[in-house]
J.: 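Take a look at the following structure, please.
Only heavy atoms go into these numbers, but all of them, side chains included; no hydrogens, no water, no symmetry mates. None of these values were measured; they are calculated from a predicted model.
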Number of protein chains: 2
Amino acid sequence: MEEEKELLENTNIKPSIARVKVLEYLRNNKTHPTVEEIYTSLAEEIPTLSKTTVYNTLELFENNGLARIVNVGENESRYDADISNHGHFKCDGCGRVYDFRVNMEALETRGLEGYKIWEKHLYYRGICSRCRD
Amino acid sequence: MEEEKELLENTNIKPSIARVKVLEYLRNNKTHPTVEEIYTSLAEEIPTLSKTTVYNTLELFENNGLARIVNVGENESRYDADISNHGHFKCDGCGRVYDFRVNMEALETRGLEGYKIWEKHLYYRGICSRCRD
DNA sequence: TATAAAAATGTAATAATTACAACCATGCTC
DNA sequence: GAGCATGGTTGTAATTATTACATTTTTATA
Ligand SMILES: [Mn+2]
Ligand SMILES: [Mn+2]
Ligand SMILES: [Zn+2]
Ligand SMILES: [Zn+2]
């Protein structure tokens with residue numbers, strides 16, 4: 001709450017209720033929630049919240065390095081307050097989206113000479129160990 | 001045309017006109033087209049084609065290892081007849097989606113012990129060399 | 001308080017995707 | 001070959017995610 005407020009202020013974003021709460025939600029729920037999930041969770045305590053505001057807020061966060069969009073091959077985007085380069089694993093059994101550590105800087109690529117890269121995204125799909133048991 | 005027909009037959013998929021044409025399109029246009037692009041391109045020569053058929057066909061191809069879905073952080077999926085593990089680069093200047101070679105097998109990951117992985121997807125975003133000049 | 005600027009909202013349009021009903025081709029029975 | 005059943009194929013229509021934009025509300029400043 002206070003921490004999120006500060007974080008927003010340090011990024012020169014006005015800490016409105018919606019913004020503080022969305023950021024807080026993202027930092028407390030590392031499940032890579034969808035807009036829908038964020039919206040329905042927060043709508044209880046912020047009855048005036050609209051889904052569009054959630055969209056706007058997340059886009060603002062993305063543009064200011066406070067969140068990243070996470071894409072795991074669904075037709076709905078997810079969001080993550082962890083902006084480090086890490087991988088995501090989507091389990092086709094339980095639907096969960098897990099983090100995994102990976103050294104993406106070490107990846108050698110062929111065919112991108114002279115390209116300016118500003119985002120790297122890696123995701124796997126399969127079955128998690130819980131669902132395999 | 002004939003080649004695609006055979007490829008479908010070898011995969012035990014009945015080679016209907018729509019299927020042959022979509023596969024042919026994918027194999028001739030390595031631009032990672034969207035459903036919309038495939039549909040509008042083929043609609044001229046197959047006036048009876050519907051967009052849903054394109055969706056159905058691509059899903060069928062995906063399930064049978066004839067195509068892969070390509071996701072580069074847009075809200076529209078793209079498709080690729082190249083099913084090898086390779087990376088995609090989306091240029092935020094011209095919008096093109098480029099291939100690049102990368103050894104994904106060599107990637108060391110932490111946190112996926114005991115997970116069954118059946119798909120790996122890697123994409124970058126940035127500006128291509130043409131757009132930088 | 002008045003004014004301006006920024007933020008949040010809602011409506012409605014758009015665009016992607018999916019569910020399911022209708023259609024059609026193939027093979028079988030008579 | 002006509003009728004009929006089956007499964008495969010197609011398309012209409014509904015649903016859902018996202019965006020555009022105009023309006024309202026809040027906040028900051030004078
Ligand atoms: Mn993550
Ligand atoms: Mn490709
Ligand atoms: Zn699972
Ligand atoms: Zn470019």
Side-chain angles (χ1 to χ4, degrees), chain A residues 4-5 7-9 11-25 32-64 66-79 90 92 95 97, chain B residues 4-5 8-9 11-23 25 32-64 66-79 90 92 95 97:
Chain A
E4 282 78 19
K5 202 158 167 260
L7 186 50
L8 288 171
E9 278 161 350
T11 319
N12 287 317
I13 294 174
K14 286 203 187 171
S16 69
I17 303 274
R19 290 168 176 179
V20 172
K21 289 292 181 186
V22 169
L23 186 55
E24 194 181 16
Y25 185 88
H32 312 95
T34 62
V35 170
E36 181 67 31
E37 284 165 359
I38 298 170
Y39 170 70
T40 51
S41 299
L42 294 182
E44 295 168 28
E45 53 173 325
I46 318 175
T48 60
L49 188 69
S50 85
K51 211 188 256 189
T52 308
T53 298
V54 177
Y55 273 104
N56 293 339
T57 304
L58 290 168
E59 200 195 347
L60 185 72
F61 288 177
E62 216 194 344
N63 292 336
N64 288 279
L66 291 179
R68 284 189 81 173
I69 199 164
V70 171
N71 216 299
V72 287
E74 303 156 310
N75 65 349
E76 203 180 356
S77 2
R78 297 173 174 273
Y79 288 86
K90 158 92 188 216
D92 284 326
V97 176
Chain B
E4 280 79 18
K5 200 158 169 260
L8 288 171
E9 277 161 353
T11 319
N12 286 320
I13 294 174
K14 286 205 186 167
S16 69
I17 303 274
R19 289 168 176 180
V20 172
K21 288 293 181 186
V22 170
L23 186 56
Y25 186 88
H32 313 95
T34 62
V35 170
E36 180 67 31
E37 284 164 358
I38 298 170
Y39 169 69
T40 50
S41 299
L42 295 182
E44 295 169 27
E45 53 173 325
I46 317 172
T48 60
L49 187 70
S50 84
K51 215 188 252 191
T52 309
T53 298
V54 178
Y55 272 104
N56 292 340
T57 303
L58 290 168
E59 199 194 349
L60 185 71
F61 288 177
E62 217 195 342
N63 292 336
N64 288 279
L66 291 179
R68 285 189 80 172
I69 198 164
V70 171
N71 216 299
V72 287
E74 301 156 311
N75 65 349
E76 201 179 358
S77 357
R78 297 172 174 273
Y79 288 85
K90 157 93 187 214
D92 284 326
V97 176

J.: Once you round it to whole Å, what is the distance between P of C:dT9 and CG of A:Leu60?
T.: 14 Å
J.: Could you tell me whether A:Ser77 contacts a base, only the sugar-phosphate backbone, or nothing, with contacts defined as non-hydrogen atoms closer than 4.0 Å?
T.: sugar-phosphate
J.: How close or far is atom C1' of C:dA16 from atom CG of B:Asn71, stated in whole angstroms?
T.: 13 Å
J.: Mind listing the closest non-hydrogen atom pair of A:Ser50 and A:Tyr39 along with its distance?
T.: C-CE1, 3.7 Å
J.: I want to check something: taking the side chain as every heavy atom from C-beta on, are A:Glu36 and A:Lys51 in contact at a cut-off of under 4.5 Å?
T.: yes
J.: Toward the 5' end of DNA chain C, which comes first, B:Asn75 or B:Asn56, by nearest nucleotide?
T.: B:Asn75
J.: In whole angstrom, give the distance that lies between atom CG of A:Leu58 and atom C1' of D:dT18.
T.: 13 Å
J.: Report the distance from atom CD of A:Glu74 to atom C1' of D:dT16, rounded to the nearest whole Å.
T.: 14 Å
J.: Check if the side chain of B:Thr52 and the base of C:dT17 share a donor-acceptor pair of N or O atoms closer than 3.5 Å.
T.: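 There is none.
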J.: I want to verify a distance call: between D:dA17, D:dT9, D:dG11, whose nearest atom is closest to the A:Glu36 side chain?
T.: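 Looking only at heavy atoms from C-beta outward on A:Glu36, the closest nucleotide is D:dA17.
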J.: Phosphate oxygens OP1/OP2 of D:dT9: is one of them under 4.0 Å from a side-chain N or O of B:Thr53?
T.: no
J.: How many Å lie between CG on B:Leu49 and P on D:dT9, as a whole number?
T.: 14 Å
J.: As a test of understanding, state which of A:Leu42, A:Thr40, A:Thr34 forms a side chain to side chain contact (heavy atoms under 4.5 Å, CB included) with A:Ile38.
T.: A:Leu42
J.: Find the distance A:Tyr39:OH to D:dT16:P and express it as a whole number of Å.
T.: 15 Å
J.: Please answer whether the main-chain N or O of B:Lys14 pairs with a side-chain N or O of B:Arg19 as donor and acceptor at a distance below 3.5 Å.
T.: yes
J.: Judged by each residue's nearest nucleotide on DNA chain C, which is more toward the 5′ side, B:Lys14 or B:Glu76?
T.: B:Glu76
J.: Provide, to the nearest angstrom, the distance between the CG atom belonging to B:Asn64 and the P atom belonging to D:dT9.
T.: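 So the CG-P distance, B:Asn64 to D:dT9, works out to 11 Å.
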J.: Base, sugar-phosphate, or nothing for B:Thr57, non-hydrogen atoms under 4.0 angstrom?
T.: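 Nothing, no heavy atom under 4.0 Å.
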J.: Side-chain contact, heavy-atom cut-off 4.5 Å: B:Asn56 with B:Leu60?
T.: no
J.: For a quick test of reading the model: is some side-chain N or O of A:Thr34 closer than 4.0 Å to OP1 or OP2 of D:dA17?
T.: no
J.: Find the distance B:Glu62:CD to C:dT18:P and express it as a whole number of Å.
T.: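 To the nearest whole Å, that distance equals 11 Å.
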J.: Would you mind telling me which residue lines up with the more 5' stretch of DNA chain D, B:Ile13 or A:Lys51, judged by nearest nucleotide?
T.: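 Upstream on the strand: B:Ile13.
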